[in-house]
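Just so you know, these numbers come straight off a predicted model, no measurement behind them. Just so we're on the same page: letters track the sequence lines, and every chain starts at 1.
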Amino acid sequence: MRMVFARSFRPRLSAAWLVLAGGLLLVLLANHALFLNLRKNKQDEFALHVQDVVDAIHARMRRHEQILLGAAGLFDASGAVERDEWRTYIARLRLEEKFPGIQGVGYSQVLRPAELAAHVRAVRAEGFPDYGVHPPGRRELYTAIVYLEPFRDRNLAAFGYDMYSEPVRREAMRRAGESGATRISAKVKLLQETHGKAQAGFLMYVPVYRAQRSLETADQRWAALRGFVYSPYRMDDLMRGLRPAGPRPLAFRIHDGFTQGEEALMFDSDEEAREAGDAVRSGRVAQFQAVRVVEAYGHGWTVTFQSLPPLEVGWISRESVLLLAGGGVVSLMLFVLVGFLSSRREQAEALAHEMTAGIREREEELRQSEARLNEAQRTAKIGSWEYEPASDRLVWSAEVYRLFELDPQQFPANYEAVLAVVHPDDREDVDRAYQDALADRRPHYDITYRLRMPDGRIKWVHANCHTDFDAAGRPLRSRGTMQDVTLLAEAERQARESAEFAESILENAADGIITINDRGEVQSFNRAAERIFDYDAQEVIGRNVSMLMPEPHRSAHDGYLARFRDSGQSRVMGRSRELEGQRRDGSVFAMDLVVSQIYRHDEPLFIGLVRDITERKRVEQLKSEFVSTVSHELRTPLTSISGALGLVCGGALGEVPPQARTMLDIAHKNSQRLTHLINDLLDMEKLAAGKMRFDLKTLALMPLVEQALESNKGYGERYRVTLVLGERAEGAKVRVDAGRLQQVLSNLLSNAIKFSPAGAPVQVHARVGAEVQAGWVRVEVVDQGPGVPPEFRERIFQKFSQADGSDARQRGGTGLGLAISKELTERMHGRVGFASQPGAGACFYLELPLATVPATAAPAGHRME
Amino acid sequence: MSLERILYAEDEPDIQAVAKVALELLGGFQVQVCGNGREALAAVRDFAPDLILLDVMMPGMDGPSTLAQLRADPATAAIPVVFLTAKVQPAEVVYYQSLGALDVIAKPFDPMTLAAQVKQIWSAAHG
């Protein structure tokens, strides 16, 4: 809560502080005013008190004067006043009771020097033997205190005293005497101050004159002067009499005269207060001070007043405490309030500012959003529309006009006009869809239809319609969107056509096409596959393809898939394999399978092309059987022919007549040729069917070459052609089937022999080296025959291509030799080739990859005979 | 032991004739010819050949079957047998040898060298 308060409070240099400052200032000012007021009051009070004191002093003086005047009157009236008269008179005054401070009232007789002695005698005679006018000494004039009531205590000391002898008194007496008025003396030390604390004192003199004398001038008066009625006053006592009830709120001092020196001090109220135990000004500076000069009876006293705390008012007074407190609290409250308000106001302002900024932002956003919407509508070719059925009022957005290719200015935006643009074939549907929606109170529907533009173009439109109905079910308003989906429709159509086309291909392909996913589940199964396996597609789709295989393939298939999944490698991809398939009835048949892979949605899919090769296999089987039958059937009579002829021509059965011999030779030779032909044909057949087995071993090349040379030596001799072994690749090892290599070498050699002129050598070289590809060995058979004519260069290794058939027949040969040699060599991972210039012989060679690298090529020149 | 008598089983009469001539004339052997395996088995006891030449492809009992019978009978088991056949791939040779044949001679054979071939095989086995 405090935190909230603090947060919302957030005082800053703001009105709040100003208010607080102002408030406090006001409070201070108020307090000051109060203070001033109070002070003024106090001051006035002080002044009153001062005046009181002054008045009191004045009053007292006057009363005292009255007493003296009364006493003086006594003398004026009586002429001579006796002591006891005096006493009685004074007693009546009840001085001590009514006039505290007055020491007494006395009469001091003026004595001329001549009268002195008589005076003294007279007084003594009254009963005062010790009476004397003192101080003694010769003076011009003497006064003597003859009467002084109450005549006791301190007053006794004054009896006979000549006040005139004392300058201060004398001054006062003189003035009183000359003026005829009451006069006061300056500060004196009274004679009465015999014991105790000495007080300042003064005396008041009222002159008494002889009667019937003129008193107009000072001198006259002085001359008429009889004496003085006087009173001595002790200042403190006098002032004590002036004390009000209760402690006085001011202190004052009375100084004699107009100075304020210490010696002139006559009264200090502090002393009085101290004695009374009252509060004393202790060195403080008084708030109020006043100086009054009390002039009385020809004498002035300077009374300095100083206020005491009770009469003073501090700046923080009791009232001001209240004011300050109250004012402070109010200020604080105002501060809080203003602070609160201003902070709230600040918050409100900030909020308003934010909101305004926010509003502005949102306006901007709105504007942008609208712009984007329009842009989007334009890009997406979506427009919006509204329609009121009751008033047939139609409102279209710009995009809809664009879509319909109509001018907003010219288009009568009503229902009929819209329908007019709709394609005639769809018009009824569009109309009915809307009317039905209204009738059925359907709030939403959408519809796709065609528009026909004036120039005949077709556009496809997809429209949404939302209709609001009132409580009674009447349509109020419809609104919705329209989108140009021509491209979409076109794309759909094309996609559909493509799909249909692809589907059609799939379904009409002659081979079975099965697709499976990487778990082996069948995804598609075309019609041919249905035919082959005798399943309906729906029976197979979703199930594992291994259901179409017999064991052990069925179990192994998952393994193949798993291996492929894990390793990404396949043994079967893209290669045709012969497998067994299992039909619905469980029968197993031979099938040819080729698998390829595609990806759909990043998932691998396998496409298997399946062909039922039962028929093919049967045919193959038949052919194979035929071939072996033929082979056997052909060979058997040949064996007999060739054998019989061989025996006869070999001379085993004795001499044969020369002509018969020639014929028999011809027959023998041809039967041998037939044999070779059949062998070659069968070889070719085996090679083609892949039925020929190669027993590949790593063997030394040179012994094989030598063996070939040896085998064909006899043949060479028949044509008087020598076979010469030239370069040897000693140590070369190749990986071959020995028999087949012999067959190739024999073929090359026999060709070379066949085509060599009589007497010419056929050279054989085995090379490893610069001309030969690294890692390979080449065996060359070089003849010096006619060479290979250009027209045969391309097809020399093809079946039955013999350069010049007639020539070949003379030389024998089946026309299959090179083709077979090529096949055999390639099966052994080698190559055959030739180099020949017509008329310059030919070099036929075979190249084989080396199983190991030979050490060196042996020197040429080994001749074989 | 010397090679003198050869029992030859071959269903084709002409080949029979040629081979017989080749072997008798050029090899100097005594040759008994049979037309099939059964005849050969029947003739073995009486003829007591040193070597039996068997054609592989014969109707009824073919070469290998005949060989099996020969080997089954202790009296004839030791007589060396050589097959005559068109199938002379090394693997096939091995196969026939595994059946118990000594060797294989290719057909068609050269009658001029047939006898020498047989002698060579005999020498290789016994020499």
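Environment of CD in B:Gln120: sparse, with no more than 12 heavy atoms of neighbouring residues, nucleotides or ligands closer than 6.0 Å. More than 12 heavy atoms of other residues, nucleotides or ligands shown are found within 6.0 angstrom of CZ on B:Arg71.
Interface remark: B:Ile15 contributes backbone and side-chain atoms alike to the contact with chain A (heavy atom separation under 4.5 Å). Contact of A:Leu647 with chain B is made through backbone and side chain together, with heavy-atom distances under 4.5 Å. Looking at A:Leu645, there are no atoms closer than 4.5 Å to chain B (heavy atoms on both sides), in backbone or side chain.
To the nearest 0.5 Å, atom NZ of residue B:Lys107 and atom OG of residue A:Ser642 are 12.5 Å apart. Rounding to the nearest 0.5 Å gives a distance of 9.0 Å between OG1 of A:Thr639 and CG of B:Asp55.
The heavy-atom pair separating B:Pro111 from A:Gly643 by the smallest distance is CG-O, 2.8 Å. Closest non-hydrogen pair, B:Met112 versus A:Gly650, comes out as CE-CA, 3.2 Å.
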